[in-house]
Amino acid sequence: MFQTMADIIDFLSELNPEQYQAVTTTEGPLLVLSGAGTGKTRVLTTRVGYILAQHLALPWQILAVTFTNKAAKEMGVRLEQMVGQAALGTWLGTFHKIGVKILRRYGGYVGLQQNFAVLDSDDQERLLKNLMQQYGVDVKKYPPKMMLDVIQHWKDRGLTPDKVTHAESNDFCEGRSLDFYKLYQQKLSEMNAVDFGDLLLLPLKLFQENATILAEYQEQFHYILVDEYQDTNVAQYMLLRMLAKKHNNICCVGDDDQSIYSWRGADVDNILNFGKIFPSAKIIRLERNYRSTAHILGAASALIANNTGRLGKTLYVADETKDMGSLVCVQGYWNGAQEAEKVVEQIEDDLHRGTKLSQMAILVRAGFQTREFEDKLIQAGIPYKIIGGFKFYEREEIRDALAYLRLVLNPNDDLAFIRIVNKPRRGIGEVVMQSLQVTAQQNHISLFEAIDKAELKTAPKKSLDSFKTLVLAWQEHSKNLSPVDLAKEVMDQSGYMMMWRLDKSPEAPGRVENLQELYNVLGDFESIEQFIEYASLLTENDEVATSEQLVVMTLHASKGLEFDTVFLPGWEEGLFPHQRALDEAGDLGLEEERRLAYVGLTRAKKNAHISYASNRRVYGQWQNSLPSRFIKELPEEHIDMRGNNRMGYGASFADVRMPWARENLVPKSRKGKQVMHETFGKGVVLRENGQMLEVAFENGGIRKIVAQYLTEI
DNA sequence: ACCACGATGCTTTTT
DNA sequence: GCATCGTGGT
């Protein structure tokens, strides 16, 4: 039952004055600018608890949105500790989950049936590729992935196909992007499926077109709370603004300095303009940092101060009696392998000094960096976990198993059908599939239904018939069997499990294990539908490292986490800041990279080790690089450059510390430059790899040319 | 239809 | 350097 005010007072008494304000200012729009390590989660949960304990609203009248399932879960757990049963019924979840919830209920108004499927990015890409090929696009020249990006960006901005202006549709694929957006949506609708973007876009459309439904939700949500507000995109912002309209109690918590997802459509303006959009908004700054030492905080603050366009915050150490702690170490190495080796040595030292393995992390800029660390960690026998690489549900065998289950739920799920119809081999090749596709298209039926109608040779016909019988039998059994038993039956009878058991490749046993692990996971679910929905909405941070192991992950994945000791390798120009970020977004890109560096540094409670390597193998080719400009931006008084003047590789302290003084020696990127070639004529540089340039010529061809044969114009 | 081999392109980040 | 994809042979 509801807790009394007395109970919640215990929690309130633990808050500092700003946090207290943020919790108890319940009415009206509120922006809480919450710096790294200032107790953001505590504020959010206490705020919900406070609203409940004060009986300002019933649980289901509170909407709390987060970005990851992990954050939602954490909030749920803490909330339950705080107010117990009273927390149940709160609308607490990720944007996407809440989108699903709304669409399961009212999807009919935007052309969906109750049991719509959520496609993952792999499905999306395949679907789009099929469409593009069908309409004669050279998918080599125009990668479906890029097309998907274009479409996704429209969706991020809340644009349904009819709202995309003509001017915007002209940049990619000879102006046909919009056509494909339309076709893609049509196809999704035919399949009764949605993609990630639709989970926001369709509720938005629903609300725009149905005032009564919108009014119902507006009425319902007395209080709205948003976590990580700096990462919201335009569609999410529009949704929030609509929902908050009636009661106007919206509390957004975020940190503009930690906005690192603009490439995925997040719009920092949402947070920067909060005051303009909600004129009566109050703004509260949380600046007392409970996490890091003064040196770490000093270094991070100085770094981020190089950014323009911030709302501005000054973090300070909450506990004044705490000593300054260790300096931030900056160390240069000869190459990536040495960097990995030395980092692992330091990890071993730390371990002996008593730091727990689970309190250390290696945070990298790009996924490929993990490889070298993995090698050395194995050699050293240190248990580790790479977070982010392959998510469980992204593995081939898991996706196949899910496709089987999806097909049982809905035999008309064409994507699932295509995926597994010939896995294991059932003698269904391209010719047979082609004929099924044609039949399906002509009769407006699914591939599964097309089995009966299509004219097939006897062998494939027989094979498909028995496959169909199996699927229908599973469908029948699914009514009585538990999800686990159904999955086992499907995996066994389909021969899928046997396929991997008989496979002699080295990874096969692991796949069998993963399938068995899938059975375990399934045990927690009451229905397959539930499980599929869960699996399709899983996110990066969701797999938590619980045991005593070191985590290796990208900086992006590390947001929201904290460790005693953090290793930040690869601080080199080109890698960090990443060349592509600079090429694609210029100064804005650079600032986002800097925020990423800030996020990395502020993960550390006690020790931060930054490193860079002068040489690194990229795409199998050796490349040399300079230390990141971010290193230069760290104030001397907070860093320790030890070792850089006695590296023994000929690179002196001055050489590696100061090379930016010789910035003119850095080869400038030739990307985007207009060039001329004797035979091919005028062109523009698309990419470069050392001296090898990829040039798009005006006559239409894309070629790889060695730089010396080109002249810049 | 299936397999083996060679060419290709890729590596920023992911809800 | 590696994985994926497309080609051509069986």
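A note on names: the letters A, B, ... follow the listed sequences, proteins ahead of strands, and every chain is numbered from 1.
The side chain of A:R371 approaches C:dC2 more closely than any other nucleotide in the set B:dT11, B:dT15, C:dC2. Which of B:dT13, B:dT11, B:dC2 sits closest to the side chain of A:W263 comes down to B:dT13. Distance from the side chain of A:K129 is smallest to C:dG6 among B:dT15, B:dT11, C:dG6. Looking at the side chain of A:V432, the nearest of the listed nucleotides B:dT13, B:dT11, B:dA1 is B:dA1. For A:R617, whose side chain is taken as the heavy atoms from C-beta onward, the closest listed nucleotide among C:dG1, B:dT14, B:dA1 is C:dG1.
There is a side-chain donor-acceptor pair under 3.5 Å between A:Y384 and A:E374.
Taking for each of A:R425 and A:E592 the nucleotide of DNA chain B with the nearest heavy atom, the 5'-most of the two is the partner of A:R425. For the pair A:P460 and A:L596, nearest-nucleotide mapping onto DNA chain B gives the more 5' position to A:P460.
Atom-to-atom, NZ of A:K559 to C1' of B:dT13 comes out at 12 Å; the value is rounded to the nearest Å. Distance A:F67 CZ to B:dT14 P: 14 Å, rounded to the nearest Å. We find that CG of A:L119 is positioned 15 Å from C1' of B:dT15, with the value rounded to whole Å. Nucleotide B:dT11 holds its C1' atom 10 Å from the NZ atom of A:K145, rounded to whole Å. Going from atom CG of A:L575 over to atom P of B:dT13 covers 11 Å, rounded to whole Å. Here the P atom of nucleotide C:dC2 and the CD atom of A:E372 are 12 Å apart, to the nearest Å. Between A:R126 atom CZ and C:dT4 atom P there is a gap of 12 Å when expressed in whole angstrom units. Separating the CD1 atom of A:I428 from the C1' atom of B:dC2 is a distance of 14 Å, rounded to the nearest angstrom.
Contact annotation: A:T68 side-chain N/O to B:dT15 OP1/OP2 distance is not under 4.0 Å. One finds no side-chain N or O of A:N69 lying less than 4.0 angstrom from the OP1 or OP2 phosphate oxygen of B:dT15.
Ion pairing between A:D156 and A:R264 fails under the 4.0 Å rule for side-chain N and carboxylate O. For A:E372 and A:R616, the salt-bridge test passes: some basic side-chain N is under 4.0 Å from an acidic carboxylate O.
A ring-centre distance under 6.0 Å is not found for A:H578 and A:W263.
Residue A:D231 is out of contact with every strand shown, counting any heavy-atom pair closer than 4.0 Å.
By the 5.5 Å and 30° criteria, A:Y261 is not stacked with the base of B:dT13.
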Problem - Derivation of the side chain to side chain contact (heavy atoms under 4.5 Å, CB included) call for A:M433 and A:N422 - result: CA-CA 10 Å; A:M433 283 310 286; A:N422 203 30; over 6 Å; no
